[in-house]
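Here the structure comes first, spelled out in structure tokens, and everything after it is commentary.
When a ligand or atom number is given, it counts from 1 through the structure's own listing order.
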Amino acid sequence: MTLLALDSVARGYPMRRGWLGRAVMVHAVDGVSLEVSAGRTLGVVGESGCGKSTTGRLALGLETPDSGTVTFAGAAMPPPGGAAWRALRAQMQLVPQDPLGALDRRLPVARQIAEPLVIHGIGDAGERADRVATLLASVGLRPDQAARHPHALSGGQRQRAVLARALAAGPALLVCDEPVSALDVSIQAQIVNLLTDLQESHGIAMLFISHDLRVVRQVSHEVAVMYLGRVIERGDPDAIFTDPAHPYSRALVAAIPGGSKPHAILAGDPPNPADRPAGCAFHPRCPVVVARCRAETPTLDVRADGRAVACHLARG
Ligand code: SF4
């Protein structure tokens, strides 16, 4: 069953070039369609500035699309801030990159884990205390750790506390935005394992956003690769990892340590969303570009093998 659906969603922001320059529209997300099924994880991967975090904010209703639709459990996403949206927030929670920034430094984490229960009027004081104890156990935090303030915990412990708070109201969807990128590699593995365990035990759907294809492969049932605000490849994580179809996906995979080109650097300038190249937006950096790529934007088409790819040369 489809839980979250983004259909041709676009979101832009006006940006002025220089003091007196004219305002241009930066298309952070440009016609993105994605679906997350109940209990499944969709990984969204791409470089910084590709639009993946904006996609996450649109999925949570924190941003309103300029065009296209976002639906949750079959109903249109209510306008942000309203009563209907606030009620829906119990069903959808964000797991952010920076747990210290997400937590209130002045309050013990146990109290912050209980906050969603208070906000959504779930249980009485005793039931909330029981629920917090259960949540602490499920994320591997001891009660004495939860009694501390955020700065007295390690980065991994803080992220566990943020996860417990996200799970408190029993959400159907977690939007995880670079949830492990601020952590040491050894702690990253622990949090990734915890996320996959929690997903299986709680049956939660996840939109998992990361620049790290290895982590995305580990947690996802399906992967969408984004470039300059658009999805350019979508499919099975193992298939994309072992046989990427789009030249950009190939570059991402090759650049993974242990990949075929561990220090591979994409040719050309980094993408500038305010100055989108004509035709295929990847063409200035593409090693196999042909004339057609400069004039014609490839559509995201589903191939016979089930993979969706936006490339003139990867129709399959
Ligand atoms: Fe490269 Fe052309 Fe494919 Fe774009 S459409 S990825 S430029 S081959």
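The line from CD of Glu178 to CD1 of Ile209 is 8.0 Å long, rounded to the nearest 0.5 Å.
The two residues Lys52 and His211 have their closest heavy-atom pair at CE-N, 3.8 Å. Residues His283 and Pro277 share a closest heavy-atom pair of CE1-CB, 3.9 Å.
Of the possible donor and acceptor atoms, one in the side chain of Gln112 sits under 3.5 Å from a partner among the backbone N and O of Leu107.
Atom CZ of Arg148 has more than 12 heavy atoms from other residues, nucleotides or ligands within 6.0 Å.
Separation of the His246 and Tyr227 ring centroids does not fall under the 6.0 Å cut-off.
Shown here are the protein N/O/S atoms lying under 2.8 Å from atom 1 (Fe) of ligand 1, water excluded: Cys286 SG.
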